[in-house]
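Notes for the one structure printed next.
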Amino acid sequence: MKVLDKEFRVSIPEAEILKQVARVASEINRDYEGESPVFLAVLNGSFMFAADLLREITLPCEIHFVKLASYEGVNSTGKIHEILGLSVDITNRPVIIVEDIVDTGLTMAHMLETLEKHNPKSVNICTLLLKPEKLKVALDIKYRALEIPNDFILGYGLDYDQLGRNTRDIYTVVE
Ligand code: 5GP
């Protein structure tokens, strides 16, 4: 499949994705028994994963969608990260972040830091994909559907320059 200037091939077929999504959902159903978690899905990349994951969750739960804004700030660490659209009160509630892919881990590290300020009961990360070789920060990722090598991927919600989100399979760039 060609998207803009790059060629992609199927690397994870739909059946394998759905199998691993169901596995992660059953881990969450087991771990959160008796609780009512708040899922926070990070747009845009996680929309398809969130839909399939939530169909497998049997707990009483809520789902909310947030966006992350990242921009250069004037503080010493450089970037400022903000969670847009967090309209639900997560004080004293168990929160599960639903993310498309963890690469360096910086995005999730900043999100955790911001969420902690709202005093949730707990926060865990549930990611569709993880590139373990690229992880730069110590991050406790409790739920991961699939681990992948460093190559750039798209599909099943993930984009290349906003294109390619609408495929059932995941594709890897052909170098
Ligand atoms: P991190 O902060 O962990 O380095 O970056 C995470 C974000 O980078 C993801 O939410 C996603 O937007 C983007 N990203 C990292 N690797 C890929 C990839 O292979 N494909 C796509 N489409 N996005 C990626």
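Numbers here are sequence positions counted from 1. As the structure lists them, so they are numbered: ligands from 1, and atoms in each ligand from 1.
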Is there a donor-acceptor pair under 3.5 Å between the side chain of R23 and the backbone N or O of A145?
yes
Judged by modelled atom types alone, do H64 and E62 share a side-chain donor-acceptor pair under 3.5 Å?
yes
Can you see whether N166 engages Y156 through a side-chain donor-acceptor pair at a distance of less than 3.5 angstrom?
no
N-O pairing of K121 and E35 below 4.0 Å
yes
Any ion pair linking R30 and E33 (charged N to carboxylate O, less than 4.0 Å)?
no
Classify the ring geometry of F152 against Y160: parallel below 30°, tilted from 30° to 60°, perpendicular beyond 60°.
perpendicular
Students should find this: residues with any non-hydrogen atom under 4.0 Å from ligand 1. What is the answer?
E99, D100, I101, V102, D103, T104, G105, L106, T107, K131, D151, F152, I153, L158, D159
